[in-house]
Amino acid sequence: MEYNFRSIEKKWQFNWAETNAYKVSNESDKPKYYVLDMFPYPSGAGLHVGHPLGYIASDIYSRFKRLKGFNVLHPMGYDAFGLPAEQYALEHGVHPAVSTDQNIRNFRKQLDNIGFCYDWDREVRTCDPGYYKWTQWIFLQLFQSFYNRHTQKASPITELVTIFEQEGNAAHPVPNSSFQLHAPQQRKPFVFSAEAWKTFSEAEQQKILMEYRLAFCGYGEVNWCEALGTVLANDEVVNGVSERGGHPVVKKKLRQWYLRITEYADRLLEGLSRIEFSDSMKEMQSNWIGKSSGAEIDFQIKGHDQKLRVYTTRPDTIFGVDFMVVAPELDWINQVKSADQSKAVEEYIAYVQSRSERERMAEKKITGCFTGAYAVNPFDGREIPIWISEYVLAGYGTGAIMAVPCGDERDFKFAEHFKIPVTNIIGKHFNGREANPTKEAILENSGFLNGMVMKEAMEVAIQKLEAEGIGIRKVNYKMRDAAFSRQRYWGEPFPVQWKEGTAYAWDVSGLPLELPYVESYQPGPEGEGPLANIPEWVSKELETNTMPGYAGSSWYFLRYMDPHNTEVFCDRKASDYWGQVDLYIGGTEHAVGHLLYSRMWTKVLFDLGHLSFDEPFKKLLNQGMIQGSSRFVYRINGTNRFVSKGLLTSDETYLDAEAVEHKVDKIHVDVNFVDGYELDLDAFKQWRNGEFAQAEFVLEDGKYVCGSEVEKMSKSKFNTVNPDDLVEKYGADTFRMYEMFLGPVELSKPWDTKGIEGVHRFLKKLWRLFYDELKGQVWTAEKATDAELKVLHKAIKKIEEDTERFSFNTAVSTFMICVNELSELKCSKKDILEQLLILLTPYAPHISEELWSQLGNKTSILDAAFPKFESDYLKESSKAYPVAINGKTRLEMTLSLEVTQQEVEAIILADATVQKWLEGKQPKKIIYVKNKMINVVV
RNA sequence: GCCCCGGUGGUGGAAUUGGUAGACACGCAGGACUUAAAAUCCUGUGACCCGCAACGGUCGUAACGGUUCAACUCCGUUCCGGGGCACCA
């Protein structure tokens with residue numbers, strides 16, 4: 001009887017489905033455990049070997065926890081709204097609902113191949129009206145709430161209305177301090193009394209309330225591509241033109257929905273201390289939130305009524321300000337620029353308009369333009385030139401900075417480039433060649449701050465600014481409110497109706513507000529979404545934007561707990577039972593997007609009394625990214641000749657026999673017909689319907705050697721490897737274990753299929769402990785020896801520890817060691833093997849279940865009890881110590897574990913080899929670390 | 001540019017708390033079985049040096065420097081690779 005993995009895997013997958021082996025109940029005496037995967041976007045390309053890495057890890061852990069006696073929730077679903085389906089629809093005319101459904105079927109088939117223990121009764125799809133009904137419902141919760149800064153939590157907006165009616169907004173200032181109801185920008189915040197509130201019209205009241213809502217409508221800049229009639233991500237803009245088609249892209253202000261996540265900034269920071277995310281992940285989140293404290297300062301602009309408001313974290317350096325830098329998109333620049341600089345300013349603004357935010361931030365070249373205007377230093381009256389430059393972004397702080405070149409590297413480079421004289425306020429701490437951002441220096445040339453240490457001067461400066469009404473203390477966040485609308489079709493419609501320019505909540509009884517079926521997905525007029533093309537939609541004055549991809553994914557982990565409920569998003573009893581996700585596995589690419597939004601939504605639902613916890617994920621495990629290892633061929637420009645990699649002088653040039661230089665094109669080839677680096681010439685010629693059938697090759701040593709590069713795994717780079725092929729060839733158990741054996745889950749690594757044989761051999765070797773090809777059954781019911789028990793218990797200990805700390809790769813190697821040792825002992829005893837199967841079943845569930853039943857068990861191994869480790873079997877009385885002389889290991893010595901320091905010293909000094917190394921000298925010190933090592937210091 | 005992570009044999013990686021660097025695999029080389037192949041099993045395998053041999057020596061964890069009895073592990077500088085940077089998901 002041999003290991004026939006194909007029939008075994010089919011048999012058990014069918015059996016588990018038949019018996020509902022993975023069904024999970026919301027009621028159980030066992031303790032609960034919730035293991036969650038980041039659900040996939042069902043792309044048309046299907047699953048590649050990178051996807052299952054995290055899924056296998058979570059599957060192993062779920063099965064492990066089940067063996068340990070937990071009631072484990074381990075669901076799966078699909079993040080099914082999104083841009084790719086819409087773009088596919090635009091190009092191929094297939095409705096997103098249709099292609100998405102097809103893709104999901106395909107994903108499901110691929111997932112099923114691998115033998116995951118998901119409870120599929122709990123599947124969710126974000127594009128399902130039964131699901132997005134509740135996404136819309138949560139949106140309405142956000143829309144109808146405000147953040148009460150006194151209680152530090154979200155409350156119904158009706159409470160705010162009551163407060164306004166009774167006492168106005170003095171106690172609840174408008175979050176956006178520059179908001180005014182009618183007048184253009186004024187200095188003082190917008191405050192009204194109860195009486196004034198009552199005199200406001202309905203539209204005015206609604207306009208004010210919008211300023212407080214957690215989901216609100218405002219105006220924001222986007223990358224606008226006129227030719228495509230659509231908004232583009234920074235990603236899709238390259239050098240000022242669209243990636244698709246190469247059309248020009250400009251900045252455009254559009255009406256947008258936002259989530260007021262900035263109100264939660266402090267709580268999002270605080271919550272980090274209560275959850276187990278890696279330090280780097282927490283650091284990324286806090287950097288994203290970017291809390292800083294400093295001051296906003298108003299500078300009078302010379303010859304204008306206007307003031308220039310800047311935000312700075314270093315008010316202590318105010319006497320070192322040599323110039324101002326303003327974000328080029330601020331409108332008022334046009335009012336203050338001087339006549340002679342007017343043209344230059346306009347040209348510069350046009351240049352910046354064409355650049356994405358990403359490009360602006362990544363720019364090494366220093367660019368900028370003097371406006372011709374001057375600000376006046378309020379303390380010493382110095383006139384300070386006002387510049388504009390792309391490195392200052394409108395969205396952060398006030399969109400303007402005061403530049404102190406002696407203390408800030410970027411400012412210094414700017415001053416150097418434009419030859420602006422630098423004022424030194426830190427004496428010898430500034431060397432004139434580079435900035436010094438110290439806070440320890442004693443200030444000079446700094447008026448009333450002279451002689452103070454900088455970090456103390458900060459407080460003094462702020463107090464003076466406030467006392468003189470020039471500035472205020474200000475805490476700032478780099479994080480901006482989250483843009484929450486998209487001018488797209490394939491997303492959740494907003495449950496919002498517009499009446500005379502005011503947005504009103506769609507009645508809850510009308511949810512879900514279903515996405516209408518359309519035939520065309522073209523963008524609407526004036527940068528509106530495709531929904532603006534639908535007369536019935538527009539006639540009802542419904543919002544034509546849709547929600548972004550992260551809407552549905554911000555709360556899906558709650559829906560799994562109670563997926564079929566039509567009355568509430570999740571029954572309170574269910575969410576109280578399951579509580580937080582105990583283990584969440586997914587990639588770091590979601591560090592700041594999805595993970596912050598989910599945390600915010602959970603906090604809002606908690607504040608409003610819908611949940612009993614305010615952090616969704618107790619522990620996060622980051623899986624590394626499986627990268628593709630791409631292969632390239634090099635074609636001489638304008639010919640059909642392909643040159644082997646080793647013959648090129650660089651990636652772009654080839655020097656032929658006559659020493660003529662040729663430029664070459666670097667072309668991706670499908671990794672599936674490259675063996676290592678050697679191209680299969682025939683397969684290449686047949687590729688893509690014979691596109692390269694006429695290819696000629698310039699070979700080296702008779703071979704065509706390809707170039708290689710590690711990149712994201714993607715269909716367009718021809719570097720994807722399909723798990724189905726590997727499962728077909730080696731079986732799901734081998735595939736699962738191989739993915740784990742590749743290395744630590746957290747680590748990113750390029751995929752390499754070679755090596756999978758080793759894991760497959762291991763499973764065959766395990767099988768041979770039970771069945772021999774010639775002799776048939778070899779397992780017996782004999783009693784196990786101490787040596788065999790020692791092997792088993794060593795494995796129990798290590799597998800348990802490694803699984804618990806997610807070190808799956810070392811667990812796989814422990815299985816290999818265990819089977820190697822049992823083979824060596826010729827151990828085929830049921831007592832030992834049965835326990836080993838339980839250890840193995842989370843990793844290789846199919847073969848374990850089969851052999852388990854072959855041993856005569858009538859119930860599934862899924863519900864076996866995890867073996868108990870007995871330390872008695874591992875007891876050692878002595879240890880082979882490495883003995884080092886001066887830190888270099890020279891010999892090994894077996895000593896009892898009981899020996900004392902004195903005894904060790906005596907034994908060591910008596911040893912001939914030690915004496916040889918001592919060369920007659922006396923040792924200074926003998927270091928003895930019990931159970932570790934001995935070091936003799938000479 | 002800014003933020004985060006990583007770099008160990010020909011390859012993937014191991015070394016959990018600073019304590020024998022290279023576990024376990026892949027690959028490769030040699031051998032056994034076989035008419036042959038597959039499968040399986042055995043032996044060797046970081047580099048260099050000495051030697052008849054050794055359970056002999058030197059070097060070695062991206063590079064350089066530091067802390068320590070002891071550094072892949074801690075600190076500093078540099079180089080290289082990857083991820084994120086707000087409308088890809």
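Proteins get letters first, then strands, A, B, ... in listed order; numbering begins at 1 in each. Reckoned from all heavy atoms, side chains included, excluding hydrogens, waters and symmetry mates.
No contact: A:Lys916 has no heavy atom under 4.0 Å from any strand. Among the protein residues, A:Lys478 comes within range of the nucleic acid bases, having at least one heavy atom under 4.0 Å from a base atom. Among the protein residues, A:Glu804 comes within range of no part of the nucleic acid, since none of its heavy atoms lies under 4.0 Å from any strand. A:Met38 comes within contact range of no nucleotide atom at all, as no heavy-atom separation falls under 4.0 Å. Contact annotation for A:Asn234: backbone-only contact, meaning every heavy-atom pair under 4.0 Å involves sugar-phosphate atoms and none involves a base. Nucleic acid contact class of A:Gly549 (heavy atoms, under 4.0 Å, all strands): none. When heavy atoms are screened at a 4.0 angstrom cut-off, A:Lys925 is found touching no nucleic acid atom at all. Among the atoms of the strands shown, only primed sugar atoms or phosphate atoms (P, OP1, OP2) are found under 4.0 Å from some heavy atom of A:Leu83. Contacts of A:Ser748 with the nucleic acid, taken as non-hydrogen atoms under 4.0 Å apart, are absent. When heavy atoms are screened at a 4.0 angstrom cut-off, A:Trp490 is found touching no nucleic acid atom at all.
Between A:Tyr556 and A:Phe39, a ring centre-to-centre spacing shorter than 6.0 Å is recorded.
When both pairing distances are held under 3.5 Å, B:U73 makes no Watson-Crick or G-U pair with any nucleotide shown. When both pairing distances are held under 3.5 Å, B:C28 makes a Watson-Crick or G-U pair with B:G44. Across every strand in view, B:G6 sits in a pair with B:C80 that passes the Watson-Crick or G-U test at under 3.5 angstrom. In this entry B:A38 has no Watson-Crick or G-U wobble partner, no candidate having both defining distances under 3.5 Å.
No side-chain N or O of A:Asn622 forms a donor-acceptor pair with one of A:Tyr584 less than 3.5 Å apart. Checking A:Thr734 against A:His760 by side-chain atom types alone, a donor-acceptor pair falls below 3.5 Å.
In this structure, the CD atom of A:Gln87 is 9 Å from the P atom of B:A89, given to the nearest Å. Computed from coordinates, the A:Met893 CE to B:G19 P distance equals 22 Å when rounded to whole Å. Straight-line distance from the CG atom of A:Asn287 to the P atom of B:G83: 19 Å, rounded to whole Å. Separating the CE atom of A:Met740 from the C1' atom of B:A25 is a distance of 16 Å, rounded to the nearest angstrom. Remark: P of B:A23 and NZ of A:Lys794 are 15 Å apart, rounded to the nearest angstrom. Whole-Å rounding puts the A:His760 NE2 to B:A39 P distance at 10 Å. Between the NZ atom of A:Lys930 and the P atom of B:G19 there is a distance of 18 Å, given to the nearest Å. Between A:Glu801 atom CD and B:A23 atom P the separation is 21 Å, expressed in whole Å.
Taking the side chain of A:Asn935 as heavy atoms from C-beta on, and the options B:G57, B:A86, B:A70, the nearest nucleotide is B:A70. In this structure, the nucleotide among B:C3, B:A89, B:A23 sitting nearest to the side chain of A:Ser813 is B:A23. In the set B:A21, B:C69, B:U16, the nucleotide with an atom closest to the side chain of A:Thr889 is B:A21. Taking every side-chain heavy atom of A:Val929 into account, B:G19 is the closest of B:C3, B:G19, B:U20. Among the nucleotides B:G13, B:C3, B:U16, the one closest to the side chain of A:Asn809 is B:G13. Of the listed nucleotides (B:C4, B:C41, B:G19), B:C41 has the atom at the smallest distance from the side chain of A:Arg768. Closest to the side chain of A:Trp288, from the set B:U16, B:C5, B:C85, is B:C85. Each of B:U20, B:C4, B:A23 was ranked by its minimum atom distance to the side chain of A:Glu892; first place goes to B:U20. Considering only side-chain atoms of A:Thr810, the nucleotide from B:A15, B:C88, B:C26 that sits closest is B:A15.
The side chain of A:Lys764 contributes an N or O atom lying less than 4.0 Å from OP1 or OP2 of B:U40. Distances shorter than 4.0 Å separate some side-chain N or O of A:Lys712 from OP1 or OP2 on B:G84. Residue A:Arg761 has no polar side-chain atom (N or O) positioned under 4.0 Å from OP1 or OP2 of B:A39. Residue A:Asn820 places at least one side-chain N or O under 4.0 Å from the OP1 or OP2 atom of B:A25. Note on A:Arg890: a side-chain N or O is less than 4.0 Å away from OP1 or OP2 of B:G57. Within the structure, every side-chain polar atom (N or O) of A:Arg805 is placed at least 4.0 Å from both OP1 and OP2 of B:U16.
Between the side chain of A:Gln487 and the base of B:C87, at least one donor-acceptor pair of N or O atoms lies under 3.5 Å. Under 3.5 Å, the side chain of A:Lys888 and the base of B:U58 form no donor-acceptor pair of N or O atoms.
Of the C1' atoms belonging to B:G51 and B:G56, the separation is 9 Å, rounded to the nearest Å.
Sequence neighbours left out, not one pair with a member in residues 922-931 of chain A passes side chain to side chain donor-acceptor pair (under 3.5 Å).
The aromatic rings of A:Phe735 and A:Trp751 lie tilted to each other, with the angle between the two planes from 30° to 60°. Between A:Tyr55 and A:His51, the angle of the ring planes stays under 30°, which puts this pair in the parallel group of the 30/60° scheme. Relative ring orientation between A:Tyr78 and A:Phe107 is described as perpendicular, the plane-to-plane angle rising above 60° on a 0-90° scale split at 30° and 60°.
Base orientation of B:G9: syn, the glycosidic angle falling within 90° of 0.
Heavy atoms only, all atoms of each residue included: A:Leu918 and A:Pro923 are closest at CD1-CD, 4.2 Å.
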